Protein chains: 2
Amino acid sequence: MFELDVRSRKPIYEQLVEKLKQLIINDVLKEDEKLPSVRELAQQLTINPNTIQKAYRELETQGYIYSLKGKGSFVHPSGKVDNEEELKKVREELKKLFAEAIYLGMTSEEIAALLREVEGGQQDD
Amino acid sequence: MFELDVRSRKPIYEQLVEKLKQLIINDVLKEDEKLPSVRELAQQLTINPNTIQKAYRELETQGYIYSLKGKGSFVHPSGKVDNEEELKKVREELKKLFAEAIYLGMTSEEIAALLREVEGGQQDD
DNA sequence: CTACTGTACTAGGAGTAATAATACAGTTAA
DNA sequence: TTAACTGTATTATTACTCCTAGTACAGTAG
């Protein structure tokens, strides 16, 4: 499915969250598609099931997946995500990053161009 | 100068980097202004000098300050920052965050509005 | 019932963050 | 030059988080 760097300073479960988030956002994992089970993915990646579960829990908190006891974990459909908490964090992050980018020399137009680029590649709903 | 959360999961030196970066970006700390010395700030915040130094080293790597042995650490003037390494990271971060924001339901216009908001508050050079 | 699923808990080892103490090197002013 | 400041580096120790391992409970589907 993908690879992890166990020697990285970044925790494995955080790497997992990022990678899975990318797969969901880029529509590699489709809406309501079932993710590998905690134990299954743990075996594939040769890491502990607890670590997988920690990543899944985080993804659920952030609104990217939903889990049903006994059934599995599934991709949360985009557009139906309603997570004001997470949106607030993202807005704050965006503001910080904009200020940072400008300080380092990027122009607003460069940033806007980057946005259009990403926007073109998404087109959900 | 500011406060830190020693109980946070986020390392103290990272909190320091963020806070100082904000002060620099928001022009609270002016160009070429001298930062508190490692020992002085350590005493003020009741934390170890090594932790301060780690934060300063990181800020220097990212291009926000420069340090002169025997003299002190100073704010790196905006506009004169030339850190392609750091810019690359910021661009990647922006792209990730844009995709994330869109997935969570933000429109491009909302994001663009946020950019204009930040842009208005900066106006360096 | 059986075999899957998610979820929770405890205990232990490994690695990083932070502290403490010391030292060296360069600047500045008396 | 000396004294007092600056950044920088090193080592040892403690505290905390990540990760693992093992076990257990709850819900689902055949």
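Only heavy atoms go into these numbers, but all of them, side chains included; no hydrogens, no water, no symmetry mates. Below, chains carry the letters A, B, ... as their sequence lines are ordered, and counting in each starts from 1. Being a predicted model, the structure only gives us computed values, none of them experimental.
Put simply, the side chain of B:Asn48 and the base of C:dA20 share a donor and an acceptor less than 3.5 Å apart. One donor-acceptor pair, N or O on each side, does fall under 3.5 Å between the base of C:dG6 and the side chain of A:Arg39.
Spacing between atom CG of B:Asn50 and atom C1' of C:dA23 amounts to 12 Å, rounded to whole angstrom units. A:Tyr13 has its OH atom 16 Å from the C1' atom of D:dT20, to the nearest Å. Between the CD atom of A:Gln53 and the C1' atom of C:dC9 there is a distance of 11 Å, rounded to whole Å. Rounded to an integer number of Å, the gap from B:Leu41 CG to D:dG7 P is 10 Å. Look at CG on A:Leu16: it is 9 Å from P on D:dC19, rounded to the nearest Å. Note: NZ (A:Lys54) to C1' (C:dA8) measures 14 Å, nearest angstrom. Between A:Lys69 atom NZ and C:dT5 atom C1' there is a gap of 11 Å when expressed in whole angstrom units. D:dT20 atom P lies 10 Å from atom CG of A:Leu45, rounded to whole Å.
Distance from the side chain of A:Glu40 is smallest to C:dT5 among D:dG7, C:dT5, C:dG6.
A close approach under 4.0 Å does not occur between any side-chain nitrogen or oxygen of B:Lys71 and OP1 or OP2 of D:dG7. Look at A:Ser73 and you won't find any side-chain N or O under 4.0 angstrom from OP1 or OP2 of C:dT5.
Ring geometry for B:His76 against B:Tyr66 counts as perpendicular: the plane angle is over 60°, on a 0 to 90° scale with 30° as the lower cut.
Of the two residues contacting DNA chain D, namely B:Ser37 and B:Ser8, the nearest-nucleotide position lying further toward the 5' end is that of B:Ser37. Nucleotides of DNA chain C nearest to A:Arg57 and B:Pro49 differ in position, and the one nearer the 5' end is that of A:Arg57.
Distance check: A:Leu35 CG to A:Ser73 OG gives 6.0 Å after rounding to the nearest 0.5 Å. Between the CD atom of A:Glu60 and the CD1 atom of A:Ile65 there is a distance of 6.0 Å, given to the nearest 0.5 Å.
Looking only at atom types and distance, the side chain of A:Lys89 has no donor-acceptor partner in the side chain of A:Gln62 under 3.5 Å away. A donor atom on one side chain and an acceptor atom on the other are not found under 3.5 Å apart for B:Glu18 and B:Gln22.
Across all strands, A:Glu60 comes closer than 4.0 Å only to sugar-phosphate atoms, never to a base (heavy-atom distances).
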